[in-house]
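What follows is a short report on a single structure.
Just so you know, residue 1 is the first one in the sequence shown, and it goes up from there. All of these numbers come straight from a predicted model, not from anything done at the bench.
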Amino acid sequence: MNLPENLKYSKDHEWIRVEGDVAYVGITDFAQSELGDIVYVDVDTVDKQISQNDVFGTVEAVKTVSDLFSPVSGTVLELNEKLDASPELVNSDPYGDGWIVKISIEDASELEGLLSAAAYSELIGQ
């Protein structure tokens with residue numbers, strides 16, 4: 001299971017990579033493997049303010065649809081446009097080209113409540 005040490009993780013299986021006051025958010029390698037083949041990513045919150053743990057979109061796999069929860073409060077700045085044509089990037093490269101949204105971070109202290117790679121690994125029993 002791939003769990004990069006430089007990321008933070010939520011109990012809802014999202015990861016967050018902070019770059020200044022902006023963060024990239026996606027779903028973890030564990031989450032994509034549990035969901036199976038991703039066929040569609042739906043995010044209707046671009047340019048909207050969201051709170052920590054709010055649903056910011058959904059990811060649709062062959063057999064299920066799963067909500068996406070924001071690990072931090074902020075404004076959704078951008079949806080990864082590559083996912084329109086290639087939603088399978090969430091499966092093949094969840095921490096790279098498979099990122100889902102870019103969010104402005106409203107309250108950096110919320111990051112402290114997220115999980116380290118080791119803590120997330122314990123959560124999923126890896």
Side-chain angles (χ1 to χ4, degrees):
M1 191 63 48
N2 182 13
L3 291 173
E5 294 287 331
N6 64 322
L7 304 177
K8 294 278 195 180
Y9 301 87
S10 75
K11 291 181 174 81
D12 297 308
H13 311 290
E14 280 80 24
W15 59 262
I16 183 168
R17 182 178 74 236
V18 178
E19 294 184 3
D21 60 354
V22 170
Y24 289 83
V25 176
I27 64 170
T28 65
D29 192 25
F30 173 79
Q32 70 78 23
S33 69
E34 291 289 304
L35 288 168
D37 293 337
I38 308 276
V39 295
Y40 186 66
V41 177
D42 182 32
V43 174
D44 61 1
T45 52
V46 174
D47 295 327
K48 292 186 181 166
Q49 176 76 22
I50 56 172
S51 297
Q52 188 177 35
N53 301 318
D54 279 0
V55 172
F56 68 83
T58 57
V59 58
E60 187 175 330
V62 174
K63 296 180 183 170
T64 189
V65 175
S66 183
D67 286 337
L68 298 167
F69 298 93
S70 182
V72 293
S73 300
T75 301
V76 179
L77 301 173
E78 180 182 334
L79 168 64
N80 183 352
E81 292 180 4
K82 290 181 184 175
L83 300 182
D84 282 345
S86 303
E88 68 278 2
L89 286 170
V90 175
N91 293 115
S92 62
D93 192 10
Y95 303 116
D97 284 341
W99 63 273
I100 297 174
V101 292
K102 200 186 312 185
I103 298 177
S104 67
I105 300 172
E106 184 178 293
D107 181 358
S109 69
E110 291 176 343
L111 296 167
E112 296 165 20
L114 298 174
L115 304 171
S116 66
Y120 181 74
S121 180
E122 274 184 46
L123 176 77
I124 60 173
Q126 297 293 315

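- Nearest heavy-atom pair, Leu3 versus Ser121, reported as atom, atom and distance to 0.1 Å: CD1-CB, 3.6 Å.
- Under a 3.5 Å cut-off, the side chain of Thr75 and the backbone N or O of Ser104 do not form any donor-acceptor pair.
- Atom OG of Ser70 sits about 3.5 Å away from atom CD1 of Ile50, to the nearest 0.5 Å.
- If you take CG on Leu111 and CD on Gln52, they are separated by 8.5 Å, rounding to the nearest 0.5 Å.
- No donor-acceptor distance shorter than 3.5 angstrom exists from the side chain of Ser51 to the backbone of Ser73, with no hydrogens or angles considered.
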- Message: Using the rule given for side-chain contact (heavy atoms from CB on, under 4.5 Å), can you reason through Asp37 versus Glu88, listing the C-alpha separation, both sets of side-chain angles and the distance that settles it, and then say yes or no?
- Response: CA-CA 7 Å; Asp37 293 337; Glu88 68 278 2; over 6 Å; no
- Audit row: Phe69, Asp54, side-chain contact (heavy atoms from CB on, under 4.5 Å) steps and yes/no: CA-CA 5 Å; Phe69 298 93; Asp54 279 0; over 6 Å; no
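- Heavy-atom minimum distance, Val72 versus Ile103: CG2-CG2, 4.4 Å.
- Val39 and Leu35 are members of different hydrophobic clusters when ILVMFWY side chains are connected at heavy-atom separations under 4.5 Å.
- When each of Val59, Ile27, Val101 is paired with Val41, the side chain to side chain contact (heavy atoms under 4.5 Å, CB included) condition holds for Val59 and for no other.
- Between Ile124 atom CD1 and Asp29 atom CG the span is 8.5 Å, to the nearest 0.5 Å.
- Applying the ring pair (Phe, Tyr, Trp, His ring centres under 6.0 Å) criterion to Phe30, with sequence neighbours excluded, gives His13.
- Checking side-chain atoms of Ser116 against main-chain N and O of Ala119 turns up a donor-acceptor pair under 3.5 Å.
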- Message: One pair to check against side-chain contact (heavy atoms from CB on, under 4.5 Å): Ile100 and Asn80. What are the steps and the verdict?
- Response: CA-CA 5 Å; Ile100 297 174; Asn80 183 352; 5.8 Å; no
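- Panel note: side chain Glu14, backbone Gly26; no donor-acceptor pair is recorded below 3.5 Å.
- One finds the CG atom of Leu7 at 11.0 Å from the CG atom of Leu114 (value rounded to the nearest 0.5 Å).
- In this structure, Ala117 and Pro4 approach most closely via the heavy-atom pair CB-O, 3.8 Å.
- Looking at Trp15, its side chain does come within 3.5 Å of a backbone N or O of Pro94 through a donor-acceptor pair.
- In the hydrophobic clustering of this structure, Leu89 groups with Val43; members are Ile, Leu, Val, Met, Phe, Trp, Tyr whose side-chain heavy atoms approach within less than 4.5 Å, directly or through other members.
- The distance from the CH2 atom of Trp99 to the CG atom of Leu83 is 7.5 Å, given to the nearest 0.5 Å.
- Taking hydrophobic clusters as Ile, Leu, Val, Met, Phe, Trp and Tyr residues chained together by side-chain heavy-atom distances below 4.5 Å, Tyr24 shares a cluster with Tyr120.
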- Go through the steps for Val25 and Phe56 under the test side-chain contact (heavy atoms from CB on, under 4.5 Å), then give the verdict. CA-CA 11 Å; Val25 176; Phe56 68 83; 4.0 Å; yes
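- In this structure, CD on Glu78 lies 10.5 Å from CG on Asp47, to the nearest 0.5 angstrom.
- Hydrophobic clustering, with ILVMFWY side chains joined whenever heavy atoms are under 4.5 angstrom apart, groups Leu68 together with Leu79.
- Under a 3.5 Å cut-off, the side chain of Asn91 and the backbone N or O of Ile38 do form a donor-acceptor pair.
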- From CA spacing to verdict: side chain to side chain donor-acceptor pair (under 3.5 Å), Thr28, Tyr9: CA-CA 8 Å; Thr28 65; Tyr9 301 87; over 6 Å; no
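- Crowding of Glu19 atom CD: a count of heavy atoms from other residues, nucleotides or ligands under 6.0 Å exceeding 12.
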